Structures are given as structure tokens and as C-alpha cells.
2 protein chains.
Amino acid sequence: MIESTLVSVDVLALRFDPNARTVLLGVAPRALEPFAGALALPGVLLGRGERLRDAARRAVTGKLGVPEEAISASGQLATFDEPSRDPRGPTLSIALWSTIDATRLTGAGPTWTQLDDVPPLAFDHDRIVRDCRPMLADRLWRDTTFTAGLLGREFTTAQALDLTESLTGDRPYPANLGRTMERVPGLERTAQHAAALPKGGRPPSVWRWTT
Amino acid sequence: MIESTLVSVDVLALRFDPNARTVLLGVAPRALEPFAGALALPGVLLGRGERLRDAARRAVTGKLGVPEEAISASGQLATFDEPSRDPRGPTLSIALWSTIDATRLTGAGPTWTQLDDVPPLAFDHDRIVRDCRPMLADRLWRDTTFTAGLLGREFTTAQALDLTESLTGDRPYPANLGRTMERVPGLERTAQHAAALPKGGRPPSVWRWTT
DNA sequence: ACAAAAGTGTTCTTCATACACCCATGT
DNA sequence: ACATGGGTGTATGAAGAACACTTTTGT
């Protein structure tokens, strides 16, 4: 009987912070060797018969301390198979994304780092983040589960602009993003307007998912 | 110590047959229980420390009898994690694609079935094929490794038309496909023309990858 | 001559990008 | 008043889809 490679699930736990106007990535210091104390993506070994989504949930709640209800959505990204990526021995890493609803976060949270400025991480987690980043940008406005997971059920044009800038690297014209969003199935512009920013400016529209 | 889920690699071994003018999928009857005798995708259990690509190669050579040199390219598709997908117990399946160069196939080959008309397969392999099909169509002309793997270093407009029809479901206008191909980086129309089809018609251009 | 199939040129539509200008808010 | 920032309308260019017409072959 061939001994099989171990499988770990590593999660890119993403949260959009409307105040910081950027996407944040949840990381946590490792409790055990190897890389004890170093920051890492939340990850767990996949249990026998466990589903990937459940393992991701377990990683996010266990390693980041995020409550279960705050996880709004998740999905697959890619699999990393370098045999030397874990010094303990060959371990497959299946990378998933999860979106976190900030409004349901309780008190003491994990470390949230800017997605554009992730500190050095344990294992090959830097590479995982680097390789998966374009896939995340690609999902925006195309994968409604992902986008709604980041923005919540209702959001403003201002937030949509900030989120897009944070994920793709440049800021769209408000007019053009509005037309893009009107073409997204399941998304509609409401008649409401939110409060204007502290600095002033026209109050942005409120958008809502119909599904 | 938690016993980890087993990992298998299942391969969509694809080959473009210019005569049949379709994409063929390599399947093989299973030698052992469960599903002994039933057709299945070539798959192997991932060895400890083995890379996914190597496992895919092992599956294609071992289960399909395709020689190593005939495998022109391969890549990841998705991971399937239903715990009940294998009656022997929970087994993760990582699906990969591999392209087979028909010119290097030796004598007795495996069973090649039309990709549009795959017979019932063992395990959840029907579902794997169904779920992965759109991903394959999506790669055409975008992923040059994939496209070149199917068509070879040189190919004709006629073959490009047939391949596109086979993967996407409808046949593009030759003029439009030509313009699409001219925009593919690393692909160029040569001055040569191939022989016309048996039924006649204008001799198609020959295209070549520059990389 | 005729059928078959690829290639050329043209049109139409859609979508992304860009920008000038207008509107609603805070200071 | 003025700065800030979203919204409206409009223009431009690239890409996809559709089709008339031409070219080159086999029968």
C-alpha cells in the first residue's frame, strides 16, 4: 500500500475594509514548529472524508478566530504540489478563498494585512498569495458569490470603486464602473443614496443584490 | 494523528483527430474492483512526494498505454471532493488535462471516445467530464500550451475550425477565426498551403507556432 | 461547369476606455 | 464660494458576429 501525500487546505481569507478602502488578508502567527511564530495563511490538514469547504471553515475559525457566521462565501483557487514546500515532508496544498463579513466579526480579531503589502509568510505561502492574486482580480464582478461575499448585500458606489482599485490595481471611472455593475446579473442600483464622505462630495448610490 | 484523505489524480487525456474532425477523450476499462470492467478516466493514487504532472503522466502511460513522448502538455482543472465519490472510502480527485500527440501513438491504442458523446463512466467521472468541459473550451486560443498541445506545431485552418467546433459547440466563420488566430501571440500564418480536402475546396493556410 | 471550402472586405453590435460637463454634498 | 467626488452623456477604438463576394481546389 502506497503511503499517500498529506493534503492541507490553505485559505486566502479576504475582507474588504471600507474605511481603509482596501482588501485585507487574514494571517496568523503559527503556534507550532515549523515556522513557529511566523505569519502564515490559515491552514489545516484535510481530515479523512472532510470537504474542502469544511476544512477551509475550520482553518478560518480555528486559526484566525473568526466566527463561523462571518464566513460569507468560499471557493477553490489552485493546488500547489512542490514536494519540498513543507519541511516536514511532502504535503499538497489546496488553496481556497473565503470572504469574511466584517460586520459579524467579534472583538479580538486576527492580524489583517493589506493584500498589496503582505509580509513574508511561512512555507511557500508568499508564492501562493502571489500566484492566486490575479485569479482573485479575475473573479471580481464575474463571480457574484465572491463579489457579494466581499461587499455584503448592500454597498455603495464608493465602496465598489475602492474594492476594484484594491484588487485590480487601478481605479475605474465611476461612470464606467456603474455601467459595468448594471450589466452584472442579480445586481441593481436602488433609488437610495448613502451619506457623502467626510470630505464632502455627492452621495453615492446604494446597490443591492436581488438574489 | 488524523488519517488523511487519499488523493487520486484523474486525467482528461485529449487528442484531436483531424480525420474524425473531433476531440477524443482517452478512457480505459478498469482492471480491478470497484467498477471492474467499466470505463473510467485514467487515474492513479498520488504517491508520496509525487508531483501532479508526474502522476498524470503515470496514469496516461499506465492506464491508457500511451507512450510517454506522446504527452505534449498538461495542466490543472479542478478538485472534486465528494466524500462518497469512491465506494472504498473518501478520496479526493484532482482533475488534470493532458494533450496527446497522435503522431507519436504506437500500435494498439486505448479506447478513444468522442468528447461530445462520452459513455457512462465509473465513479463520478461523468460529473468530472461534465464540469470540466467548459474549462477546456475556455482554454482554447487563450492557453497556448493547451491549444498547441492539441494541434501540434503546425496545423491548417481547416483543423482549427474543426477543433473549435468540437470544443465550443459551434463552428466559427473561417474569416473570423483567422483574425482571432492572428491575434494569438506566438502564432503566425505561413505562406504555405496544405492540400485541399478530398471533397475539394480551397487549400487552407498552414499556421505555425513561433515559440 | 459546378460544388466545396477558405479567404477578403464590409457592416453592425457590443464593450471597454476616456473625458467633458453636471450635480449634490461638506467646509 | 469652493473643493470633493459621484453621475450623465458622449466619443473613440477594439473585438466579436454575420454575411456578400472572391479565390482555389476536386469531380
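The structure displayed is predicted, hence computed values, not measured ones. In what follows, every chain begins at residue 1, and chains take the letters A, B, ... in the order their sequences are listed. As a basis for the values below, the full set of heavy atoms in this structure was taken, side chains included, without hydrogen atoms, waters or symmetry mates.
- Residue side chain B:Arg179 reaches the base of C:dG9 through a donor-acceptor N/O pair under 3.5 Å, judged by distance alone.
- The neighbour count for B:Arg104 CZ, taken as heavy atoms of other residues, nucleotides or ligands under 6.0 Å away, does not exceed 12.
- Of the residues B:Thr190, B:Thr157, B:Thr156, the one that meets the side chain to side chain donor-acceptor pair (under 3.5 Å) test with B:Trp207 is B:Thr157.
- Straight-line distance from the CG atom of B:Asp162 to the C1' atom of C:dA6: 12 Å, rounded to whole Å.
- The residue A:Thr156 sits apart from the nucleic acid: no heavy atom pair falls under 4.0 Å.
- In this structure, the CH2 atom of A:Trp207 is 13 Å from the P atom of D:dG6, given to the nearest Å.
- Note on B:Ala158: only backbone sugar-phosphate atoms sit closer than 4.0 angstrom, heavy atoms only; bases stay farther off.
- Within the nucleic acid shown, B:Pro198 comes within 4.0 Å of sugar-phosphate atoms alone, with no base atom in reach, counting heavy atoms only.
- One side chain, A:Ser93 or A:Asp10, offers a donor N or O that lies under 3.5 Å from an acceptor on the other.
- Comparing C:dC15, C:dA4, D:dA15 by their nearest atom to the side chain of A:Arg183 picks out C:dC15.
- When the C1' atom of D:dG7 is taken as reference, atom CD of A:Gln192 falls 17 Å away, rounded to whole Å.
- Distance, A:His193 NE2 to C:dG26 C1': 17 Å, rounded to whole Å.
- The pair A:Arg58-A:Asp54 fails the salt-bridge criterion, with no side-chain N (NZ, NE, NH1 or NH2) lying under 4.0 Å from an Asp/Glu carboxylate O.
- Closest to the side chain of A:Lys199, out of D:dG5, C:dG7, D:dG6, is D:dG5.
- Remark: the A:Arg202 side chain and the C:dT25 base include no donor-acceptor N/O pair separated by less than 3.5 Å.
- Listed pair B:Thr157 / C:dA5 fails the phosphate criterion, with no side-chain N or O lying under 4.0 Å from OP1 or OP2.
- When the P atom of C:dT11 is taken as reference, atom OH of B:Tyr173 falls 17 Å away, rounded to whole Å.
- If you measure from atom CG of A:Asp170 to atom P of C:dA18, you get 8 Å, rounded to the nearest angstrom.
- When the nearest nucleotides of DNA chain C are assigned to B:Gly200 and A:Gly200 by heavy-atom distance, the more 5′-ward of the two goes with B:Gly200.
- Nearest-nucleotide positions on DNA chain D for A:Ala175 and B:Asn176 put A:Ala175 closer to the 5' end.
- We find that CE of B:Met181 is positioned 15 Å from C1' of D:dG16, with the value rounded to whole Å.
- Between B:Thr180 and the phosphate of D:dA15, there is no side-chain N or O to OP1/OP2 separation shorter than 4.0 Å.
- In this structure, CD of B:Glu182 is placed 16 Å from P of D:dA14, rounded to the nearest angstrom.
- Each of D:dG9, D:dT25, C:dA24 was ranked by its minimum atom distance to the side chain of B:Ala196; first place goes to D:dT25.
- You'll find that the side chain of B:Arg171 is closest to C:dA6, out of D:dT24, C:dA6, D:dA15.
- A donor atom on one side chain and an acceptor atom on the other are found under 3.5 Å apart for B:Thr99 and B:Ser72.
- Using a cutoff of 4.0 Å between basic side-chain nitrogens and carboxylate oxygens, A:Arg133 and A:Asp116 are scored as salt-bridged.
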